[in-house]
Amino acid sequence: IQKKQGPDWKIWVGSLALTDNSFSYKVQEEDTIETGIDFNNLVITSLNTNISNITIIGDSIIADISSLSCREKSGFVLNKFSALSVVSASGIKAYNLHIITPNTKLSANIQFSYKDFSGFNDFINDVNIHAIFRPSRFDLSDLAYFAPSLKGMDEKINFAGELKGKVSNIKGKNFKFLYGKSTYFLGNFNVSGLPDIDGTYIHFNIKDFLTCQQDIASFKYISQNQVQ
């Protein structure tokens, strides 16, 4: 460990390995959240990680995470996370990111920006996203841990492309996704109003699109707090 004192502290750690650790974090004055991940009341177990070149400067942490896995009390399971990461009080950047859960496999460069960490308690409205996804697979049931109002949706989507904005007002550019037996989309889109499906507007600039009645009928969505 090297430490330099100045206007901002600088701490450098060559490598860090953790095996089967636990971690908890609680903000006493905040109400608890019944469903999903409560970022003011975290309980992490089965924490395993290998991290190198860790640098702490002011409120920023830079690290090369070769592997990280854990479980959270909400039931969320992270099988693997790897990325060159930068975390600060107002944002998270992850380059060459790979995320694997029991149902999801993501590959991307991604950035989250927010006023402070409490923004994750209203992830849909308070966290800005800018992501460039390489071919990935996403299970919507994982999103419900971060956006509990989407609980009940469990569709699996294969996709690639660029996303920008908040979940409540998100834009996709040069976006490709595949769903179900034959649904295929290539183009740009803007989705505003989530998670209120009944009040959501979707605007498409379609380059190529194909679907079938079976795929449309099988897609679940949230309407007036019910899965349909």
Side-chain angles (χ1 to χ4, degrees), residues 1-28 30 36-121 123 126-139 141-143 145-146 159-160 162-164:
I1 298 177
Q2 295 179 347
K3 182 172 66 176
K4 180 180 179 182
Q5 188 171 8
D8 284 320
W9 283 70
K10 181 177 181 180
I11 300 174
W12 179 82
V13 180
S15 62
L16 173 67
L18 300 174
T19 303
D20 198 22
N21 278 256
S22 299
F23 167 79
S24 61
Y25 168 81
K26 182 173 178 61
V27 179
Q28 295 294 335
E30 294 291 337
I37 298 174
D38 184 351
F39 286 90
N40 289 318
N41 185 19
L42 291 170
V43 179
I44 305 291
T45 59
S46 303
L47 174 61
N48 300 279
T49 188
N50 284 289
I51 308 175
S52 60
N53 299 318
I54 306 166
T55 304
I56 303 174
I57 305 175
D59 69 353
S60 298
I61 302 173
I62 304 168
D64 187 356
I65 304 171
S66 58
S67 66
L68 185 152
S69 62
C70 65
R71 295 173 177 267
E72 208 280 324
K73 73 176 191 307
S74 61
F76 179 71
V77 176
L78 179 63
N79 290 340
K80 184 178 180 180
F81 175 103
S82 63
L84 176 60
S85 303
V86 181
V87 181
S88 72
S90 59
I92 297 174
K93 297 179 182 179
Y95 304 98
N96 197 24
L97 169 69
H98 295 274
I99 296 176
I100 301 174
T101 75
N103 301 304
T104 291
K105 187 174 183 180
L106 302 180
S107 177
N109 293 329
I110 190 166
Q111 177 178 344
F112 298 111
S113 57
Y114 40 80
K115 184 177 180 181
D116 53 47
F117 285 114
S118 67
F120 281 97
N121 285 323
F123 184 84
D126 289 346
V127 177
N128 278 292
I129 304 166
H130 184 201
I132 299 175
F133 286 96
R134 295 174 284 275
S136 299
R137 182 180 71 252
F138 186 61
D139 189 317
S141 64
D142 283 335
L143 183 59
Y145 288 105
F146 301 88
F159 67 96
E162 182 178 3
L163 286 178
K164 194 170 185 180

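Please read these numbers as outputs of a predicted model, since none were measured by experiment.
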Problem set entry | Residue pair Trp12 / Asn53, side-chain heavy-atom distance below 4.5 Å | yes

Exercise. Quick check: does any side chain N or O of Ser15 sit under 3.5 Å from a backbone N or O of Ser52, one acting as donor and the other as acceptor?
Worked result: no

Exercise. Between Asp142 and Thr104, does any side-chain donor sit less than 3.5 Å from a side-chain acceptor?
Worked result: yes

Exercise. Rounded to the nearest 0.5 Å, what separation is found between the CD1 atom of Ile44 and the OG atom of Ser22?
Worked result: 9.5 Å

For this session: Quick one: do Phe76 and Thr101 satisfy side-chain contact (heavy atoms from CB on, under 4.5 Å)? Show the steps, please.
Result: CA-CA 8 Å; Phe76 179 71; Thr101 75; 4.1 Å; yes

For this session: First locate atom CG of Asp126, then atom OG of Ser113, and finally report the distance between them rounded to the nearest 0.5 Å.
Result: 11.0 Å

Problem set entry | For Asn79 against Pro102, the heavy-atom pair lying closest together | ND2-N, 3.4 Å

Exercise. Can you tell me how far CG of Leu78 sits from OG1 of Thr49, rounded to the nearest 0.5 angstrom?
Worked result: 9.5 Å

Exercise. Going through the distances and angles, do Asn41 and Tyr25 end up as a side-chain contact (heavy atoms from CB on, under 4.5 Å)?
Worked result: CA-CA 6 Å; Asn41 185 19; Tyr25 168 81; over 6 Å; no

For this session: Begin from the C-alpha positions of Phe81 and Leu97 and carry the test side-chain contact (heavy atoms from CB on, under 4.5 Å) through to its verdict.
Result: CA-CA 7 Å; Phe81 175 103; Leu97 169 69; 3.3 Å; yes

For this session: Supply the atom-to-atom distance Ile61 CD1 to Ile54 CD1, rounded to the nearest 0.5 angstrom.
Result: 9.0 Å

For this session: Compare every heavy atom of Ile132 with every heavy atom of Glu162, then report the nearest pair and how far apart it is.
Result: CG-CG1, 4.1 Å

For this session: For residues Tyr95 and Ile110, determine if any side-chain heavy atom of one lies less than 4.5 Å from a side-chain heavy atom of the other.
Result: no

Exercise. If only atom types and distance count, is the side chain of Ser60 paired as donor or acceptor with the main-chain N or O of Gly58 below 3.5 Å?
Worked result: no

Exercise. In Å, rounded to the nearest 0.5 Å, how long is the span from CZ of Phe112 to CG of Asn128?
Worked result: 11.0 Å

Exercise. Which distance, rounded to the nearest 0.5 Å, do you find between the SG of Cys70 and the CG of Leu18?
Worked result: 11.5 Å

Exercise. Does Asn109 use its side chain to pair, donor to acceptor, with the backbone of Asn96 at less than 3.5 Å?
Worked result: yes

For this session: Could you tell me whether the side chain of Arg134 and the main chain of Ala108 form a donor-acceptor pair under 3.5 Å?
Result: yes

Problem set entry | Residue pair Ala89 / Asp59: nearest heavy atoms and the distance that separates them | CB-OD2, 3.5 Å

For this session: Fit a plane to each ring of Phe123 and Phe146, take the angle between them on a 0 to 90° scale, and name the class: parallel (under 30°), tilted (30 to 60°) or perpendicular (over 60°).
Result: tilted

For this session: Indicate whether any N or O donor in one side chain lies under 3.5 Å from an N or O acceptor in the other, for Asn48 and Thr19.
Result: no

For this session: Show your working on side-chain contact (heavy atoms from CB on, under 4.5 Å) between Leu106 and Phe159 and close with a plain yes or no.
Result: CA-CA 9 Å; Leu106 302 180; Phe159 67 96; 3.8 Å; yes

For this session: Mark yes or no for whether Ser82, through its side chain, and Ser67, through its backbone, hold a donor-acceptor pair below 3.5 Å.
Result: no

For this session: Indicate the atoms forming the closest heavy-atom contact of Ala83 with Ala94, along with that distance.
Result: CB-CB, 4.0 Å

Problem set entry | Atom of Asp20, atom of Ser46 and distance for their closest heavy-atom approach | OD1-CA, 3.8 Å

Problem set entry | Considering all heavy atoms, the nearest Glu72-Val43 contact | OE2-N, 3.1 Å

Exercise. Given side chains that start at C-beta, do those of Lys105 and His98 come closer than 4.5 Å, heavy atoms only?
Worked result: no

Exercise. Looking at residues at least two apart in the chain, or sitting in another chain, which of them share a salt bridge (Lys or Arg N to Asp or Glu O under 4.0 Å) with Asp139?
Worked result: Lys156

